[in-house]
Q: 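Here you go, one structure.
None of the values given here were measured: they were computed from a predicted structure.
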Amino acid sequence: MIKQDALRESKKVFIFDDNLEILELCTVILEEIGFQVKTSPTTNDIVRQVKEYWPDLIFMDNWLPDISGIEATRLIKADEELKNIPVIYFSANSNISELAAEAQADDFIAKPFDIDHLEEIVCKYLDC
């Protein structure tokens, strides 16, 4: 029987955010509960980045230096191979639910976020 921790270790999360402190914090939180984490401060060549890592879950910030989180999420969802990877919109914007819907994201989490809520969202999509 596979231990829960071993199951989590096989799950990969990709976080796109230009705030390095947010990337570091989320990496620590998610690795501590057993997930593999990759981060990127840029959405440059978003489809290639995602295909190189093949994550089970993606967190996408709204404000990114290359293309916006909305456009990056749409590109992921438009790709036949990537469209089923859940994308969680991740922003401090007050209208985050509207932005997430416009981006075609699967869910959203507002910044600043509660660590327990972050873990709940991850577990909702990665069955932990």
Q: Is there a donor-acceptor pair closer than 3.5 Å between any side-chain N or O of R74 and the backbone N or O of G69?
A: no

Q: Indicate the atoms forming the closest heavy-atom contact of A100 with D107, along with that distance.
A: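 Reported closest heavy-atom pair: CB-O, 4.2 Å.
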
Q: Restricting to non-hydrogen atoms, name the atom on P55 and the atom on V13 that form the minimum distance, rounded to 0.1 Å.
A: CB-C, 4.4 Å

Q: Could you walk me through whether F59 and L118 pass the side chain to side chain contact (heavy atoms under 4.5 Å, CB included) check?
A: CA-CA 10 Å; F59 279 92; L118 177 73; 3.6 Å; yes

Q: Walk me through it: do I109 and D114 pass the test side chain to side chain contact (heavy atoms under 4.5 Å, CB included)?
A: CA-CA 9 Å; I109 185 169; D114 175 81; over 6 Å; no

Q: Within this structure, what is the CD1-CD1 distance for the pair I88 and I121, rounded to the nearest 0.5 Å?
A: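 One finds 5.5 Å between CD1 of I88 and CD1 of I121.
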
Q: With a 4.0 Å cut-off on N to O distance, would you call K124 and E120 a salt bridge?
A: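 No.
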
Q: Give the minimum heavy-atom separation between P86 and D56, together with the two atoms involved.
A: CD-O, 3.3 Å

Q: Atom CD1 in I15, atom CD1 in I29: separation rounded to 0.5 Å?
A: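 Atom-to-atom, I15:CD1 and I29:CD1 are 8.5 Å apart.
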
Q: How far does CG of N62 sit from OG of S68, to the nearest 0.5 angstrom?
A: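 Reported to 0.5 Å precision, the distance equals 6.5 Å.
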
Q: Is there a side-chain contact between W63 and N93, using heavy atoms and a 4.5 Å cut-off?
A: yes

Q: With rounding to the nearest 0.5 angstrom, report the OG to CZ distance, S10 to F35.
A: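 S10 OG to F35 CZ: 9.0 Å, rounded to 0.5 Å.
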
Q: Under a single-linkage definition using a 4.5 Å side-chain heavy-atom cutoff for Ile, Leu, Val, Met, Phe, Trp and Tyr, are L25 and L20 assigned to the same hydrophobic cluster?
A: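 Result: yes, single cluster for both.
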
Q: Hey, could you give me each pair passing side chain to side chain donor-acceptor pair (under 3.5 Å) that has a residue in residues 17-31? Not counting sequence neighbours.
A: D17-K111

Q: E80: which residues meet the side-chain hydrogen bond (donor to acceptor under 3.5 Å, both in side chains) condition with it, sequence neighbours left out?
A: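 Scan of E80 (side-chain hydrogen bond (donor to acceptor under 3.5 Å, both in side chains), adjacent residues dropped) gives K83.
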
Q: How would you list, by chain and number, every residue that makes a salt bridge (Lys or Arg N to Asp or Glu O under 4.0 Å) with E81, sequence neighbours excluded?
A: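 Result, salt bridge (Lys or Arg N to Asp or Glu O under 4.0 Å) vs E81: K51.
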
Q: Do E119 and I33 pass the side chain to side chain contact (heavy atoms under 4.5 Å, CB included) test, and can you show the C-alpha distance, the side-chain angles, and the key distance before you say yes or no?
A: CA-CA 9 Å; E119 290 177 8; I33 60 173; 3.7 Å; yes

Q: Other than I46, what residues sit in its cluster of Ile, Leu, Val, Met, Phe, Trp and Tyr side chains whose heavy atoms are under 4.5 Å apart, directly or through others?
A: F14, F16, V47, V50, Y53, W54, I58, M60, L64, I67, I70, L75, I76, L82, I85, V87, Y89, I96, L99, F108

Q: According to salt bridge (Lys or Arg N to Asp or Glu O under 4.0 Å), who are the partners of D106, at least two apart in sequence or on a separate chain?
A: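 Scan of D106 (salt bridge (Lys or Arg N to Asp or Glu O under 4.0 Å), adjacent residues dropped) gives K77.
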
Q: Apply side-chain hydrogen bond (donor to acceptor under 3.5 Å, both in side chains) to N44 and list each qualifying residue two or more places apart in sequence or on a separate chain.
A: none

Q: Are F90 and I115 linked, directly or through other ILVMFWY residues, by side chains that come within less than 4.5 angstrom of each other?
A: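 F90 and I115: one cluster.
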
